[in-house]
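This report concerns only the one structure given below.
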Amino acid sequence: MPPHTIPTNLNISQIRIETGLDRGTIRKYRSLSEKGFHDWISRPRNLPKKLGIYYSFVKEHLELQPYLSSVQIEDRLMERFTDLPEVHSKTIYNFVKTSG
């Protein structure tokens with residue numbers, strides 16, 4: 001459910017259950033006017049990707065073995081690259097989801 005269609009009679013906990021969004025995100029969306037929300041979502045977001053240089057490695061592994069989990073990919077990255085940045089497993093999970 002897009003944030004601008006969330007009924008205003010729900011509290012933050014109910015919205016979180018309905019949408020799966022983080023409580024802080026819900027507060028931020030609620031604090032924005034409709035125009036402010038549209039301005040915010042229209043801004044491009046090019047965040048630096050800590051794992052970007054490993055994209056081809058991950059993509060190649062997923063093409064050869066599409067059943068690999070993000071944990072297995074993380075293990076292979078750690079075995080292969082001694083300079084792998086210290087990142088949370090969720091970061092690797094997100095990276096694998098966007099690479100596959």
Side-chain angles (χ1 to χ4, degrees):
M1 177 181 297
H4 61 280
T5 62
I6 296 171
T8 55
N9 61 334
L10 298 179
N11 66 36
I12 290 177
S13 295
Q14 292 167 324
I15 295 170
R16 185 189 60 73
I17 291 168
E18 185 73 25
T19 64
L21 293 172
D22 179 75
R23 295 172 68 81
T25 302
I26 295 166
R27 282 189 193 99
K28 177 167 66 174
Y29 289 165
R30 281 189 138 181
S31 72
L32 296 172
S33 66
E34 186 173 349
K35 182 185 179 333
F37 175 75
H38 287 287
D39 290 346
W40 180 79
I41 62 170
S42 67
R43 271 186 272 139
R45 287 172 179 63
N46 295 323
L47 301 174
K49 305 282 188 244
K50 290 181 179 182
L51 302 173
I53 61 173
Y54 308 103
Y55 178 80
S56 58
F57 178 85
V58 171
K59 181 106 174 132
E60 183 179 308
H61 275 72
L62 290 174
E63 285 172 353
L64 294 172
Q65 301 166 309
Y67 50 83
L68 290 176
S69 70
S70 62
V71 173
Q72 290 169 313
I73 293 289
E74 181 176 8
D75 288 342
R76 291 174 187 204
L77 283 166
M78 290 183 346
E79 288 170 1
R80 172 73 172 80
F81 300 100
T82 57
D83 62 340
L84 185 71
E86 227 178 277
V87 293
H88 193 277
S89 292
K90 181 68 175 171
T91 302
I92 293 180
Y93 170 82
N94 291 335
F95 182 69
V96 168
K97 292 290 275 183
T98 59
S99 300

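Residues: numbered from 1 along the sequence shown.
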Any chain of hydrophobic side-chain contacts (each under 4.5 Å) joining Ile53 to Leu84? yes
Decide whether Leu68 and Tyr93 are clustered together by the hydrophobic rule: side chain heavy atoms of Ile, Leu, Val, Met, Phe, Trp, Tyr closer than 4.5 Å, transitively. no
Within the side chain of Glu60, is there an N or O that forms a donor-acceptor pair under 3.5 Å with the backbone of Phe57? no
Expected list for residues 69-82: side-chain donor-acceptor pairs under 3.5 angstrom, two or more places apart:
residue, atom, partner, partner atom, Å
Ser69, OG, Val71, N, 3.4
Ser69, OG, Gln72, N, 3.2
Ser69, OG, Gln72, OE1, 3.4
Gln72, OE1, Ser69, N, 2.8
Glu74, OE1, Ser89, OG, 3.2
Glu74, OE2, Ser89, OG, 3.4
Arg76, NH1, Gln65, OE1, 2.8

One should read off an interatomic distance between Arg30 CZ and Phe37 CZ, to the nearest 0.5 angstrom, of 13.5 Å
So CG of Leu32 and NE2 of His38: to nearest 0.5 Å the spacing works out to 10.5 Å
Once rounded to the nearest 0.5 Å, what's the spacing between atom OG1 of Thr98 and atom OH of Tyr55? 7.5 Å
N-O pairing of Lys35 and Asp39 below 4.0 Å: yes
Nearest heavy-atom pair of Pro85 and Lys50: which atoms, and what distance? CG-O, 3.8 Å
Distance check, rounded to the nearest 0.5 Å: Lys59 atom NZ versus Leu64 atom CG? 11.5 Å
At what distance, to the nearest 0.5 angstrom, does CZ of Arg16 lie from CG of Leu10? 13.0 Å
Tell me the closest heavy-atom pair linking Phe95 and Leu51, and the distance in Å. CZ-O, 3.1 Å
I need the single residue from Ile26, Ile17, Leu21 that forms a side-chain contact (heavy atoms from CB on, under 4.5 Å) with Ile12. Which is it? Ile26
Interatomic distance, OG@Ser56 vs NE2@His61, rounded to 0.5 Å, equals 10.5 Å
